[in-house]
Amino acid sequence: MQKFSGAQYLAIDIASNYGLDKKTWNERLSWFEAHKDKLHEMLATSETPALYFAGVSAYEAMKAGEASGYPISLDATSSGLQILSAITGDRKAAELCNVIPSWLNGVLKRADAYTGVYDIMCQRLMHGGPEVKTLADVTGDKQAPQVKISRSDCKDAIMTALYGSEAVPKKVFGEGHQLHVFHEVMEEVAPAAWELNKAFLDMWNPDALVNSWVLPDNFHVHVKVMAKEVETVQFMNVPYDCERKVNMCKESGRSLGANTIHSIDGMIVREMTRRCNYDPVVVQRVWDALEGKGVIGNDADDNLVLELWHLYEESGYLSARILDHLRVDNVDLIDEAVLRELLLSLPTKPFAIMAIHDCFRCLPNYGNDLRWQYNNQLMLLARSKMLQFLLRQILERKDLKVSPLDADMWREIPETEYALS
């Protein structure tokens with residue numbers, strides 16, 4: 001993983017907000033160097049003017065030796081697909097969204113899943129292939145337009161299809177050849193992630209009023225099954241249908257996959273906050289406890305340590321929440337080696353972060369630590385039994401076995417380059 005100075009992260013942030021967020025780090029730094037003397041003149045042509053202006057103002061404050069307090073932004077490159085690829089060990093999908101390094105002709109690239117799928121679809125639709133006919137072949141019209149889709153449309157289809165949607169892909173591609181090619185491409189570039197997406201639809205329990213599961217940090221998820229109920233009322237001898245959502249069983253549903261992956265997404269935000277902005281007093285207390293020193297805890301601490309450790313044993317993921325409850329008299333309840341690995345993964349100095357879904361913001365000097373911590377979260381997911389852990393709860397099958405496609409993929413994740421970009 002390349003590392004940069006705070007000044008470089010600020011330059012990268014300005015270039016990203018101008019519209020170069022899909023470029024490599026070096027391309028963004030080169031662009032900034034070439035334009036740093038005319039940044040204000042380019043405000044009107046920036047993609048996100050407010051953030052661009054704020055970054056430029058912070059750059060000017062830095063040059064003047066003043067503190068600005070401006071936090072840079074680093075976004076996950078398709079967080080949903082990243083999580084799906086990590087928990088399934090899907091190497092192809094992982095390369096598509098920067099979970100592991102992606103190379104082109106020996107050169108490390110900043111992958112973009114939406115552009116990648118779009119480009120393959122365009123190639124298939126324009127040129128066909130051994131198993132794919134062109135639009136002209138299908139319609140019989142030799143003048144038929146070959147491609148009617150945009151990257152933006154393709155992005156909408158991918159984002160929603162990965163969570164079980166059929167309506168949006170049909171709206172984008174229609175119900176004919178293009179939709180067939182879309183499904184075919186998704187199955188090729190993200191085989192395990194795509195298969196899991198389809199499997200979630202078959203997991204729906206038509207007798208359930210609520211779907212529930214617990215995450216490794218003891219966060220309890222309860223999602224009520226809501227269905228539309230229609231009641232017809234009469235007003236002035238005219239019938240009107242009144243709709244409302246009620247908690248009731250549904251024969252089928254598409255929300256299970258989305259809610260499961262989003263719940264992991266939420267846990268990542270919580271863990272990133274716990275690990276980046278840890279309390280040094282708490283961490284030192286845990287180190288002291290490992291040396292047999294420190295204060296005695298209480299029953300509530302002991303109970304939560306046992307619960308979090310049990311969740312670790314089931315999931316393979318140890319939440320940093322456990323640090324708040326470890327004392328000298330209960331630290332022997334867990335494996336010291338696992339605890340030390342967690343402690344050693346924390347940044348040398350804690351720092352504040354702000355998170356909006358999969359966008360993380362911090363002061364520029366902490367950019368390296370932020371990126372490494374996010375890589376670490378993806379690595380921990382890929383190394384864990386998270387998918388098996390969650391599916392056992394959702395399906396109420398304690399004996400369920402789920403194995404990743406690539407059990408060793410996690411080893412490549414910590415040093416990946418553009419998971420946050």
Side-chain angles (χ1 to χ4, degrees), residues 76 79-90 94 99-100 192-193 196 212-221 257 259-278 282-283 286 303-326 331 333-347 355 358 360 372-395 397-398 400-414 416 419-420:
S79 64
L81 185 57
Q82 287 181 335
I83 293 169
L84 284 164
S85 66
I87 64 176
T88 60
D90 188 336
V99 169
I100 58 176
L196 177 59
S212 301
W213 57 92
V214 181
L215 290 156
D217 62 348
N218 203 34
F219 185 97
H220 289 239
V221 178
N259 289 331
T260 303
I261 302 306
H262 287 159
S263 73
I264 300 174
D265 219 340
M267 188 192 74
I268 289 176
V269 171
R270 294 192 296 276
E271 288 294 317
M272 287 285 290
T273 303
R274 290 173 182 134
R275 293 164 189 251
C276 293
N277 200 16
Y278 65 84
V282 169
V283 171
V286 177
N303 290 337
L304 198 46
V305 166
L306 287 171
E307 182 60 29
L308 290 168
W309 185 252
H310 169 70
L311 291 169
Y312 162 72
E313 291 180 319
E314 292 293 316
S315 69
Y317 180 103
L318 182 62
S319 169
R321 185 182 179 189
I322 202 170
L323 300 177
D324 292 328
H325 305 280
L326 286 169
V331 72
L333 296 175
I334 68 175
D335 188 322
E336 180 179 324
V338 178
L339 176 57
R340 286 184 179 274
E341 181 188 40
L342 191 160
L343 290 168
L344 292 171
S345 73
L346 301 176
D358 59 357
F360 297 90
W372 190 90
Q373 284 296 326
Y374 187 77
N375 288 1
N376 189 49
Q377 286 302 301
L378 294 175
M379 182 276 288
L380 292 172
L381 284 179
R383 195 180 67 179
S384 74
K385 301 173 287 186
M386 188 68 68
L387 182 57
Q388 174 179 283
F389 170 66
L390 295 176
L391 293 187
R392 282 182 173 183
Q393 296 180 70
I394 292 168
L395 298 174
R397 288 181 52 188
K398 293 183 178 181
L400 180 69
K401 299 289 186 182
V402 179
S403 300
L405 275 186
D406 188 335
D408 293 320
M409 189 182 77
W410 64 270
R411 301 180 188 277
E412 301 171 44
I413 297 176
T416 193
L420 278 188

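We count residues from 1, following the sequence as given.
Residues satisfying the side-chain contact (heavy atoms from CB on, under 4.5 Å) test with Asn376, not counting sequence neighbours, are Arg275, Ser345, Trp372, Gln373, Met379, Leu380. Listed by chain and residue number, nothing satisfies the salt bridge (charged side-chain N to carboxylate O under 4.0 Å, His left out) test with Glu307 (two or more places apart in sequence, or in another chain).
Gln82 and Tyr374 share a side-chain donor-acceptor pair at under 3.5 Å. For the residue pair Thr416 / Asn375, no side-chain donor-acceptor distance below 3.5 Å is found, with atom types taken as modelled.
Pairing each heavy atom of Leu420 with each of Ala76, the nearest pair is CD2-N, 3.4 Å. Minimum interatomic distance between Trp309 and Ile322 (heavy atoms only, all atoms of both residues): N-CD1, 4.4 Å. Taking all atoms of both residues into account, the shortest heavy-atom contact from Leu339 to Val331 is CD2-CG2, 3.7 Å. Contact record, Ser319 with Leu342: O-CD1, 3.9 Å, taken as the closest heavy-atom pair. The two residues Leu323 and Val286 come nearest to each other via the heavy atoms O-CG2, 3.6 Å. Contact detail for Gly89 and Leu405: the closest heavy-atom pair is O-CB, 3.3 Å.
Between Arg274 and Asp217 there is a salt bridge, with a side-chain nitrogen of the basic residue lying less than 4.0 Å from a carboxylate oxygen of the acidic one. Look at Arg383 and Glu412 and you find no salt bridge, because none of the NZ, NE, NH1 or NH2 atoms lies under 4.0 Å from a carboxylate O.
Looking at Pro216 and Met267, their side chains come closer than 4.5 Å, going by heavy atoms from C-beta outward. At least one side-chain heavy atom of Ile264 sits under 4.5 Å from a side-chain heavy atom of Ile87.
With Leu390 as the fixed residue, the side chain to side chain contact (heavy atoms under 4.5 Å, CB included) test singles out one of Ile261, Thr260, Val214: Thr260.
Residues Tyr317 and Tyr312 place their aromatic rings such that the two centres sit no closer than 6.0 Å.
Residue pairs meeting the salt bridge (charged side-chain N to carboxylate O under 4.0 Å, His left out) criterion with at least one partner in residues 308-318, sequence neighbours excluded, are absent.
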